[in-house]
Every structure is written in C-alpha cells, then in structure tokens.
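Notes follow once the structure below has been shown.
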Amino acid sequence: MARRKKPSGANGCAVVGIAVAGVMVLIVRFVAAHPVASLVGGAVVLGATIYGSVLWHRKQAREARQAWQLEFTRSQEIARYHSMAPGEFEHALAFLCSRDGCSQATVTGRAGDLGADVTAYAPDGRKVVLQAKRYGSTSKVTGPDLQRFGGTCFTVHGARVAAVVTTSTFTKQAQQYAAHHGIRLLDGPGLAAWAGRTGPAPWH
C-alpha cells in the first residue's frame, strides 16, 4: 500500500492563509453590522494598549532612577572610606559591627596582629574576625593576602566568622581561596551596601 504524502509546507501556508482570510471576513461583517459597537470596542482596546504602554515606560524609568540613586549612594560611601587613613577605616568597620548589633567590637589592628584588624561578637554569639584592606580602586586583594589571613583567622584568633573587607576588589585567586576555606569577602560595593543598610553584614 502506498503511503500518503505528508502535506507540504506550501499547503500548510495556504490553510493558514485561508483561516486568516476567514477571520478577516468575519471581522469586516461584524464591523459593518455593528459600527458603533466596533468603534467603541476599538477605542477601548486602543486606550488599554496606550495606558499599558505608559505604565510600562513609567515602571522602566522608575527602576532606572532607583538603580542610579542606589549606585550614586554607594559610590559616595566608597569615596568616604577611600578618604580614610587605614586606622580610621578599621574604626569605621568596628562602628558598623556595633551599629548592627555586635558586642565587644574592638580594633585590634597593629603590628603583629596576625591579620585580625577588628574582632566582635555577632548577635548570635559567634566570634567575628575582620581584616581591613583599604586599597585604591586599581589595587586588588590577592591570593597571598587571603592565604596569610586564612592561616591565622580560625586557628589563632578562633573566628567563627572570618571576613576580609576592602574598598577595592579581589583577584580570582583570592576569591577561590576564600570560597575553599570559608572566608567571607566584602568588596567595595558590598561594603557600601553594608554601610548603607541595603546589603548584608559579613556575618549574615
């Protein structure tokens, strides 16, 4: 028995064309029979379309404005921390710890501190050890920086939460080391978010 031939693409297009033409005929007939209702319905559809478009554009503009304001606020925060001396930066981090509920926030950064610049106790009792890196925007915290801190933060300082906070960024090697050893990282935007209460503290 010979198999039936499958409809070709041309036949399929013809069927669709006939269906569309049929719908258009029905629409034309409806408009001819009910001109007022068609006019009102068309106006409603057009108005709803325009209104929806206006709302969408307003939403887009509002979100863009909010994003710009957030970025501007964070850049102002970062500029403020960049202007600090290293010791002032450490005290600023201790202040943020205290502000957000930590107890015994202490600046311990000094010669021979073995990487612990700020220590505190989180609201749930965990010991937090922070290393402060007030670097310029062109200087990144490197893998060796993290390795030195990682060698002491848990074993020497007894940290339950160890974090490096910088005004700059981290190299890929530093990020990999931190992820492997459970060290938390806050870069410039992360610090700005913490300070501005729009992002988490290091112990969260």
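As the structure is a prediction and not an experimental result, all values here were calculated from the model.
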- Note, C102 side chain near Y121 side chain (heavy atom, < 4.5 Å): no
- Between S168 (side chain) and T166 (backbone), is there a donor-acceptor pair under 3.5 Å? no
- Task: Tell me whether V161 is reachable from V129 by hopping between hydrophobic residues (I, L, V, M, F, W, Y) whose side-chain heavy atoms are closer than 4.5 Å.
- Result: no
- Inter-residue atom distance L146.CG - Q173.CD, 0.5 Å rounding: 8.5 Å
- Task: Using a cut-off of 6.0 Å, state whether more than 12 heavy atoms not belonging to R160 lie near its atom CZ.
- Result: no
- Message: I'd like to know if the side chain of S83 reaches the main chain of R80, judged simply by a donor and an acceptor atom lying under 3.5 Å from each other, with no hydrogens or angles considered.
- Response: yes
- Query: Between D145 and R148, what is the shortest heavy-atom contact and its length?
  - Reply: OD1-NH2, 2.6 Å
- Message: Between F170 and L130, is there shared hydrophobic-cluster membership here, with clusters defined by ILVMFWY side-chain heavy atoms closer than 4.5 Å?
- Response: no
- Task: Please answer whether the main-chain N or O of H157 pairs with a side-chain N or O of K127 as donor and acceptor at a distance below 3.5 Å.
- Result: yes
- Backbone N or O of W194 within a donor-acceptor pair of the T198 side chain at under 3.5 Å? no
Quick one: side chains of residues 88-98, donor-acceptor pairs under 3.5 Å with protein atoms, not counting sequence neighbours, listed by atom name and distance.
| residue | atom | partner | partner atom | Å |
| --- | --- | --- | --- | --- |
| E88 | OE1 | A85 | N | 2.8 |
| H91 | ND1 | G87 | O | 3.0 |
| S98 | OG | A94 | O | 3.3 |

- Message: According to side-chain contact (heavy atoms from CB on, under 4.5 Å), who are the partners of Q176, at least two apart in sequence or on a separate chain?
- Response: K172
- Could you tell me which non-hydrogen atom of T167 sits nearest to which non-hydrogen atom of I78, and how far apart they are? O-CG2, 4.2 Å
- Task: State which residue, out of V141, D117, L114, fulfils the side chain to side chain contact (heavy atoms under 4.5 Å, CB included) condition with Q131.
- Result: D117
- Message: Are the side chains of Y135 and T169 in contact, using a 4.5 Å heavy-atom criterion?
- Response: no
- Any idea which heavy atoms bring A162 and F149 closest together, and the distance? CB-CE2, 4.0 Å
- Message: Main chain of M84, side chain of R134: is a donor-acceptor contact present, judged purely on distance under 3.5 Å?
- Response: yes
Cut-off 3.5 Å, no hydrogens considered: what does the side-chain donor-acceptor table look like for residues 182-193, sequence neighbours left out?
| residue | atom | partner | partner atom | Å |
| --- | --- | --- | --- | --- |
| R184 | NH1 | P202 | O | 2.9 |
| R184 | NH1 | W203 | O | 3.2 |
| R184 | NH1 | H204 | O | 3.0 |
| D187 | OD1 | G190 | N | 2.9 |

- If you draw a 6.0 Å radius around NZ in K140, do more than 12 non-hydrogen atoms from other residues or ligands fall strictly inside? no
